[in-house]
K.L.:
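Mind having a look at this structure? Questions to follow.
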2 protein chains.
Amino acid sequence: MEPFPWKMKVYSDKSRHLVAVDCIIFGYDILEKEIKLLLFKRMFEPAKGKWSLAGGFVDNNESLDAAASRILRKLTGLDPVYMKQSFTYGETDRDPGSRVISVAYFALIPITDIDKDLAEENGVSWCSLAKLPDLIFDHPLMVNRALRDLQNQVMFKPVGFELLPDKFTLVQLQDLYEAIYQRKVDKRNFRKKILSMGILEKLDEKESETSKKGAYYYKFNEDTYKRLKENGFYFNMDVN
Amino acid sequence: MEPFPWKMKVYSDKSRHLVAVDCIIFGYDILEKEIKLLLFKRMFEPAKGKWSLAGGFVDNNESLDAAASRILRKLTGLDPVYMKQSFTYGETDRDPGSRVISVAYFALIPITDIDKDLAEENGVSWCSLAKLPDLIFDHPLMVNRALRDLQNQVMFKPVGFELLPDKFTLVQLQDLYEAIYQRKVDKRNFRKKILSMGILEKLDEKESETSKKGAYYYKFNEDTYKRLKENGFYFNMDVN
DNA sequence: AAATTTAAATGTAAAGAATACACTTAAAAA
DNA sequence: TTTTTAAGTGTATTCTTTACATTTAAATTT
């Protein structure tokens, strides 16, 4: 027997909607010191051939988070990345093809991580935030809000590390923050602040590509961070 | 001729979903000094007769914001209130009746504003946050997140005033903050901080119900706030 | 092998913000 | 007139943020 006798009946007169997930995928180009966005060329109408965010429709037996992961995986080959819901866009005319409600997610991945073959096959490419092409629909809105989300996130949570390789120099970390905040920060104050938290581990190894002296590599110590957090510590990189 | 020939066809194989809006409606009880939530008894299956948030389905030609406004209006008789999208809940099994994706909104209204007849007719009542009844589905999750949203909002935006009458005393304002933050704050530091912003206007009138001496009424000066904001001022009530 | 070049690394003083804290005042009621 | 009650007020201390310039390490050049 059907466990919910009213099932299918009770909601039957209500409108049903196409629900999409669009992913604002941020990457950090460590050489060009720029935040980039993973965009791709739409391969179907409407707006076929135009640049858009990575998106797709939510299936019947799939949560929103699962749909976002699936879409990201399909386009980048990546699985467990940093991903958070951003905002849901529901204007009736936002997609000229049909009424589509879209849940935006923002994701952080190191640029090096992306599968090049998959990227090519999907018409995917990294575009620097500074000079984005025209995006379809309300995708520019989505990008703006997600960038704000990102700025808030890196200020109060240690998620910037998701955009860097496992080991990184303090210079690289600062460059990342400057790219996200879109302003310069003071070197000594930045270092004082991040190091005083005690969540970075200095390695016995130097990065020697970009300077003669070489800069020490550090890595983020997640365990230490978790322990501190349990004791009431709050991450804060609101630095000048 | 149909302006979009691919319309209706291109997305035709995609799942369609019921999309709901649930409203976490906060009110402030100035006498009991408590944040309250507007709840109501479901009048249909599933979970008929159980307590739930104010909710409803999104219609075909209606944006999410419009749906949220409509639902609020229907249940409270109120029109232009402070209302913001909170989060979208999309677990496949979150509503046992059917797969429903729900966009949560949180709203702030002064308790006095609500239309009593409408409230009665809809089975609506204010419940203190401290002792909420069991709520259906994932509504407890929604409340938790919305409360966090509210705490963040009042800290960095002058929205607490939405929960108070036009004129209020500093004691009342502080009580409100304490109710939202769920902790005591220092009286002198609180006053110093809020008054130093210069966005409150002292009236020549006292509230004389609650004390012999009487406390001066103030009102929030929105114009001044807007002017200050344009000049780079940031509201901040992160007080001890 | 000495001098030069380049970017990494480092500390301190001053200003501003957050905190802790207790008595006085106004007005009604006794 | 005294008592009661809640409103209103200021300062010193600590902590945080900011501003700012020189030294150091290592490779490259002379």
Side-chain angles (χ1 to χ4, degrees), chain A residues 30-33 154-156 164 167-179 181 183-219 228 231-240, chain B residues 30-33 154-156 164 167-179 181 183-219 228 231-240:
Chain A
I30 208 164
L31 294 173
E32 299 189 32
K33 303 179 185 178
V154 298
M155 193 172 283
F156 299 116
L164 291 171
K167 54 187 193 188
F168 50 83
T169 69
L170 292 184
V171 175
Q172 289 169 341
L173 186 62
Q174 181 177 345
D175 287 343
L176 169 65
Y177 270 87
E178 289 180 346
Y181 291 163
R183 61 179 168 84
K184 288 264 168 225
V185 309
D186 182 89
K187 188 178 185 175
R188 283 179 284 189
N189 294 339
F190 179 85
R191 284 164 179 246
K192 200 193 318 169
K193 198 154 195 175
I194 192 77
L195 288 176
S196 71
M197 294 184 194
I199 57 177
L200 294 189
E201 201 172 308
K202 190 176 187 173
L203 305 181
D204 268 340
E205 191 188 352
K206 280 183 165 182
E207 190 274 347
S208 328
E209 303 292 299
T210 43
S211 97
K212 294 162 182 167
K213 182 176 179 180
Y216 279 104
Y217 277 121
Y218 286 77
K219 68 176 188 189
L228 286 170
N231 297 327
F233 166 78
Y234 285 101
F235 185 92
N236 180 328
M237 280 308 292
D238 187 359
V239 77
N240 70 318
Chain B
I30 209 166
L31 295 174
E32 299 190 33
K33 304 178 184 177
V154 298
M155 194 172 284
F156 299 115
L164 290 172
K167 55 186 188 186
F168 50 82
T169 69
L170 293 182
V171 175
Q172 289 168 343
L173 186 62
Q174 181 177 345
D175 287 343
L176 169 65
Y177 270 87
E178 290 181 346
Y181 290 164
R183 61 179 169 84
K184 287 266 167 223
V185 310
D186 183 89
K187 189 179 184 175
R188 283 179 284 190
N189 294 339
F190 179 85
R191 284 164 179 245
K192 201 192 317 172
K193 198 153 195 176
I194 192 77
L195 288 175
S196 73
M197 294 185 193
I199 56 177
L200 294 188
E201 200 171 307
K202 189 176 186 173
L203 305 182
D204 267 339
E205 191 190 351
K206 280 184 166 182
E207 190 274 347
S208 327
E209 302 292 297
T210 44
S211 95
K212 292 160 184 170
K213 184 175 178 180
Y216 280 104
Y217 277 121
Y218 286 77
K219 70 176 188 189
L228 286 170
N231 297 327
F233 166 78
Y234 285 101
F235 184 93
N236 180 328
M237 281 307 293
D238 188 358
V239 77
N240 70 317

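Chain identifiers are assigned alphabetically (A, B, ...) following the order of the sequence lines, protein sequences preceding nucleic acid strands; residue numbering begins at 1 within each chain.
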K.L.:
What string of B, S and - do you get for nucleotides 23-30 of chain D, 5' to 3', if B is base contact, S is sugar-phosphate-only contact and - is no contact with any protein heavy atom under 4.0 Å?
P.N.:
-BBBB---

K.L.:
Rounding to an integer number of Å, can you tell me how far A/Glu209 CD sits from C/dA8 P?
P.N.:
13 Å

K.L.:
Where is the tightest heavy-atom contact between A/Asn240 and A/Arg183, given as atom of each residue plus distance?
P.N.:
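In terms of heavy atoms, the two residues are closest at C-NH1, 3.9 Å.
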
K.L.:
If you look at every heavy atom in A/Glu178 and A/Val185, which pair is closest and at what distance?
P.N.:
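Taking A/Glu178 first and A/Val185 second, the nearest heavy atoms are OE2-N, 2.9 Å.
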
K.L.:
The side chain of B/Lys187 is closest to which nucleotide in this list: D/dG8, D/dT18, C/dA9?
P.N.:
D/dG8

K.L.:
Which heavy atom of B/Val239 sits nearest to which heavy atom of B/Lys193, and what is that distance?
P.N.:
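Nearest pair, atom of B/Val239 first, then B/Lys193: CG2-CD, 4.1 Å.
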
K.L.:
From CG of A/Asp238 over to P of D/dC15, roughly how many Å is that when rounded to an integer?
P.N.:
20 Å

K.L.:
Return the minimal non-hydrogen interatomic distance between B/Ala179 and B/Lys33, and the atom names on each side.
P.N.:
CB-O, 3.9 Å

K.L.:
Whole angstrom is fine here: how far is it from OH in B/Tyr234 over to P in C/dA17?
P.N.:
15 Å

K.L.:
Taking all non-hydrogen atoms of both residues, which atom of A/Gln172 and which atom of A/Glu207 are closest, and how far apart?
P.N.:
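In terms of heavy atoms, the two residues are closest at NE2-CG, 4.2 Å.
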
K.L.:
Tell me which residues in residues 191-199 of chain B lie within less than 4.0 Å of DNA chain D, going by non-hydrogen atoms.
P.N.:
B/Arg191, B/Lys192

K.L.:
Using 4.0 Å as the upper bound for N to carboxylate O, is an ion pair formed by A/Glu205 and A/Lys167?
P.N.:
yes

K.L.:
What is the distance, rounded to the nearest whole Å, between atom CG of A/Asn236 and atom C1' of C/dA18?
P.N.:
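In whole Å, C/dA18 C1' and A/Asn236 CG are 14 Å from each other.
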
K.L.:
Within the structure provided, determine whether B/Leu203 and B/Lys219 are in side-chain contact (heavy-atom separation under 4.5 Å).
P.N.:
yes

K.L.:
For the pair made of CD in B/Glu207 and P in D/dA6, what is the distance, rounded to whole Å?
P.N.:
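Atom CD in B/Glu207 sits about 12 Å away from atom P in D/dA6.
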
K.L.:
Measuring to OP1 and OP2 of C/dA20, would you say a side-chain N or O of B/Asn189 lies under 4.0 angstrom away?
P.N.:
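For B/Asn189, the contact criterion (side-chain N or O under 4.0 Å from OP1 or OP2 of C/dA20) is not met.
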
K.L.:
What is the separation between atom CG on A/Asp186 and atom P on C/dT12, rounded to the nearest whole Å?
P.N.:
16 Å

K.L.:
With heavy atoms under 4.0 Å as the rule, sort A/Ser208 into base, sugar-phosphate or nothing.
P.N.:
nothing

K.L.:
Taking all non-hydrogen atoms of both residues into account, name the closest pair between B/Gln174 and B/Asp186 and its distance.
P.N.:
NE2-C, 4.1 Å

K.L.:
Please give, in whole Å, the distance from D/dA7 C1' to B/Tyr217 OH?
P.N.:
14 Å

K.L.:
Restricting to pairs with a member in residues 183-219 of chain A, which pass ring-ring contact (aromatic ring centres under 6.0 Å, His included), not counting sequence neighbours?
P.N.:
A/Tyr177-A/Phe190

K.L.:
Could you tell me how far apart B/Glu205 (CD) and D/dA7 (P) are, to the nearest whole angstrom?
P.N.:
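Distance check: B/Glu205 CD to D/dA7 P gives 16 Å.
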
